[in-house]
Amino acid sequence: MMLADNLKQVQQSIQKACDQVGRSCSEVTLVAVTKTEDVPTTQAMIALGQLHLAENRADKFLAKKQAITHPEVVWHYIGNLQRRKVKDVINEVDYFHALDSLKLADEIQKRAQKVVKCFVEVNVSGEESKHGLTLEETKDFILSLHAHDKIQVVGLMTMAPFDSTATEQHDIFKKLKQKQCEIEKLTLSYAPCHDLSMGMSNDFPIAVMEGATFVRVGTALFK
Ligand SMILES: *Cc1c(COP(=O)(O)O)cnc(C)c1O
């Protein structure tokens with residue numbers, strides 16, 4: 001693994017995608033998905049200055065967080081979170097990317113000791129195997145969170161199907177951006193909804209072109 005080269009390449013691809021559409025690269029945060037990596041490899045990535053990290057399994061995340069004491073790491077939890085794991089995980093994360101039900105929101109409300117920055121997960125493509133709300137459900141779901149004062153909806157998150165074409169990816173990310181703008185315009189105090197978590201190794205340049213503010217990249221960094 002050539003972590004430094006991989007990181008540089010991913011950063012350059014983000015820069016190039018920003019240039020293509022006239023965005024400032026400073027609007028895009030690269031989140032390194034370390035879910036398949038051990039602690040030393042994760043530490044090596046941190047040593048390169050990559051401080052936003054993401055995990056998707058409660059037990060692995062908690063063990064890794066305990067082993068990694070770097071004070072500036074920002075932890076993203078990107079996986080489906082079982083309700084019984086919320087109490088262990090939710091106070092340890094900086095961003096939670098997979099809010100997709102009222103029951104989960106209720107559990108977060110009950111267990112969180114501080115306001116949690118959450119992305120509402122949207123299944124734009126309607127793929128059956130994926131978690132997330134439909135685009136149509138998203139606004140009402142967010143409106144229904146007004147009394148959950150431990151939840152701040154910072155944005156929307158989606159995943160494009162693994163086998164989708166570039167055209168389909170553009171379409172999916174564009175639709176999420178439209179929904180994000182629609183919610184942002186409501187100017188809800190608890191849902192600024194300024195951010196878009198979209199783009200993985202095989203589609204992050206397209207996601208950046210379509211307005212992603214957080215890209216979640218694993219394989220391309222740790223190949
Ligand atoms: C694993 C994972 C990623 C990273 O995927 P890669 O294809 O390895 O870049 C991004 N988002 C979520 C939700 C994931 O589970």
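First listed ligand is number 1; within each ligand, the first listed atom is number 1. Heavy atoms only: backbone and side chains are in, while hydrogens, waters and symmetry mates are out.
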Polar side chain donor-acceptor pair, Q109 to D149, under 3.5 angstrom: yes

Side-chain H-bond candidate by donor/acceptor type, D19 with Q15, under 3.5 Å: yes

Atom indices of ligand 1, in the order listed, that fall short of 4.0 Å to a heavy atom of R216: 4 (C), 9 (O), 10 (C), 11 (N), 12 (C), 13 (C)

T219: numbered ligand 1 atoms lying under 4.0 Å from its heavy atoms: 6 (P), 7 (O), 8 (O), 9 (O)

G218-ligand 1 polar pair, N/O distance under 3.5 Å: yes

S197 and H97 side chains, donor-acceptor separation under 3.5 Å: yes

Parallel, tilted or perpendicular: ring planes of F61 versus Y77, cut at 30 and 60 degrees: perpendicular

Protein heavy-atom partner closest to atom 13 (C) of ligand 1 - residue, atom, separation in Å: I78 O, 3.6 Å

For V217, the ligand 1 atoms whose distance to one of its heavy atoms is below 4.0 Å: 9 (O)

S201: numbered ligand 1 atoms lying under 4.0 Å from its heavy atoms: 6 (P), 7 (O), 8 (O), 9 (O)

Side chain to side chain contact (heavy atoms under 4.5 Å, CB included) partner of V208, the single match among L30, V28, T213: V28

With R83, the side chain to side chain contact (heavy atoms under 4.5 Å, CB included) member among D106, L104, I108: L104

Ring geometry between F214 and F119 (parallel below 30°, tilted from 30 to 60°, perpendicular above 60°): perpendicular

Ligand 1-proximal atoms of K35, by part, heavy-atom distance under 4.0 Å: side chain

Location of contacts on V33 toward ligand 1, heavy atoms closer than 4.0 Å: side chain

Residue, atom name and distance, where the atom is the protein heavy atom closest to atom 5 (O) of ligand 1: M200 CE, 3.4 Å

